Amino acid sequence: MTVLPWPARESSPRRLTDADWRRLELHAAEILTAFGMDLDTPGTRETPRRFVRALYDATAGYDGDEKLLTSFPAEHNGTQRGLILEGPIGFHALCEHHALPFHGSAHVAYVAEREIIGISKLTRIVRLYARRFTVQERMGEQIADGLVDLIAPRAVAVHLEAAHLCTQMRGVEEDGSRTVTTVWRGLFEEDADLRREFLLQIRR
């Protein structure tokens with residue numbers, strides 16, 4: 001087993017004091033009251049606190065994930081081209097434009113060079129970048145680049161499909177629409193057959 005490097009930006013846990021939490025809860029109460037919520041009922045008195053805590057939990061990806069920091073030797077000499085693919089991996093994220101959720105599924109695949117990671121780590125890397133304020137396009141790029149940083153594979157593919165509440169609850173109200181993005185790294189960028197194999201696998 002190898003202990004892997006991880007970019008410093010991924011390992012800076014957030015720290016909020018009790019005073020910070022109280023201040024944020026007061027701000028949340030002000031906003032909710034201004035928008036019409038009655039905070040003087042048994043069901044809503046704790047809503048500002050619950051809202052702030054829920055938002056904090058939904059953005060836990062900023063704290064990093066130390067369980068991603070291990071890998072294992074690949075059981076070949078680095079010349080094989082077999083896909084390691086995981087999906088669908090469900091995710092929920094918050095759009096940075098409106099702080100409204102988008103949710104969907106990810107498929108992540110790679111061709112190993114010298115190292116592999118446990119299959120569960122592919123889910124962890126998706127959740128690491130989903131649990132932030134983000135946009136779908138960046139999230140796919142970060143998942144791909146994060147996997148490259150971790151194990152330097154020969155190829156990486158990331159396919160995301162998501163529904164965005166910012167377009168379903170407001171604006172044009174595109175109920176039922178889904179956004180699809182795909183990111184390629186390494187061999188996937190130059191090998192059309194490998195891309196077709198990946199897309200065929202996820203369509204199954």
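Only this structure's heavy atoms are used, side chains among them; waters, hydrogens and symmetry mates stay out. Residue numbers run from 1 in the order of the sequence given. Since the model is a prediction, treat every value here as computed from it, not as a measurement.
For the pair Thr123/Arg127, a side-chain contact is recorded, criterion being any heavy-atom separation below 4.5 Å from C-beta on. Taking 4.5 Å as the limit, every side-chain heavy atom of His107 sits out of range of all side-chain heavy atoms of Gln201. Between His97 and Val135 there is a side-chain heavy-atom pair separated by less than 4.5 Å.
Remark: Phe35 CZ to Glu30 CD distance equals 10.0 Å, nearest 0.5 Å. In this structure, the separation between CD1 on Ile151 and CD1 on Ile116 is 8.0 Å, given to the nearest 0.5 Å. Distance check: Ile117 CD1 to Leu68 CG gives 6.5 Å after rounding to the nearest 0.5 Å. Atom CG of residue Leu150 and atom OH of residue Tyr110 lie 10.0 Å apart, to the nearest 0.5 angstrom. Remark: Arg132 CZ to Thr59 OG1 distance equals 10.0 Å, nearest 0.5 Å. Taking CZ from Arg195 and CZ from Phe188, the interatomic distance works out to 9.5 Å, rounded to the nearest 0.5 Å.
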Go through it in stages, so that I can follow the logic: the residues are Arg185 and Glu141, the test is side chain to side chain contact (heavy atoms under 4.5 Å, CB included), and I'd like the CA-CA distance, side-chain angles, deciding distance and then a yes or no. CA-CA 9 Å; Arg185 293 289 185 271; Glu141 299 279 348; 2.3 Å; yes

For Phe102 and His92, run side chain to side chain contact (heavy atoms under 4.5 Å, CB included): C-alpha distance rounded to whole Å, both residues' side-chain angles, the deciding distance at 0.1 Å, then the answer. CA-CA 6 Å; Phe102 64 95; His92 296 80; over 6 Å; no

Which is it for Thr181 and Glu137 under the side-chain hydrogen bond (donor to acceptor under 3.5 Å, both in side chains) test, yes or no, and what are the steps along the way? CA-CA 7 Å; Thr181 55; Glu137 297 87 344; over 6 Å; no

Can you check side chain to side chain contact (heavy atoms under 4.5 Å, CB included) on Leu165 and His103, steps first, answer last? CA-CA 8 Å; Leu165 268 66; His103 61 93; 3.8 Å; yes

So Trp21 and Val52, side chain to side chain contact (heavy atoms under 4.5 Å, CB included) or not? Walk me through it. CA-CA 8 Å; Trp21 286 113; Val52 172; 3.4 Å; yes

Worked check of salt bridge (Lys or Arg N to Asp or Glu O under 4.0 Å) between Arg50 and Glu25: CA-CA 9 Å; Arg50 289 191 293 258; Glu25 289 165 17; over 6 Å; no

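Other residues, nucleotides and ligands contribute at most 12 non-hydrogen atoms within 6.0 Å of the CZ atom of Phe51. Open room surrounds CD on Glu66; 12 or fewer heavy atoms of other groups in view lie less than 6.0 Å from it.
The two residues Ala162 and Phe91 have their closest heavy-atom pair at CB-CZ, 3.9 Å. When all heavy atoms are compared, the tightest approach of Ala163 to Arg178 is CB-NH1, 3.8 Å. In terms of heavy atoms, Leu39 sits closest to Pro48 at CD1-CG, 3.8 Å. Considering every non-hydrogen atom in both Ala144 and Val183, the closest pair reads CB-CG1, 3.8 Å. For Met37 against Thr47, the heavy-atom pair with the smallest separation is SD-CG2, 3.8 Å. A pairwise comparison of heavy atoms in Cys166 and Cys95 identifies SG-SG, 4.3 Å as the closest pair.
His164 and Gln136 share a side-chain donor-acceptor pair at under 3.5 Å. A donor-acceptor contact closer than 3.5 angstrom is absent between the side chains of Glu161 and Ser105. In this structure, a donor-acceptor pair under 3.5 Å is absent between the side chains of Thr41 and Asp38.
Salt bridge status for Glu46 with Arg49: present, with a side-chain N to carboxylate O gap under 4.0 Å. For the pair Arg15 and Asp20, the salt-bridge criterion is not met [side-chain N within less than 4.0 Å of a carboxylate O].
No donor-acceptor distance shorter than 3.5 angstrom exists from the side chain of Arg131 to the backbone of Leu94, with no hydrogens or angles considered. A donor-acceptor pair is defined here as one N or O able to donate and one able to accept, closer than 3.5 Å; such a pair exists between the side chain of Asp63 and the backbone of Arg14.
No path of Ile, Leu, Val, Met, Phe, Trp and Tyr side chains, each step under 4.5 Å between heavy atoms, connects Leu24 with Leu26, placing them in separate hydrophobic clusters. Under the 4.5 Å side-chain heavy-atom criterion for Ile, Leu, Val, Met, Phe, Trp and Tyr, Leu194 and Leu199 are members of the same hydrophobic cluster.
The side-chain contact (heavy atoms from CB on, under 4.5 Å) with Val108 is formed by just one residue from the set Ile143, Leu85, Leu160, Ile119; it is Ile143.
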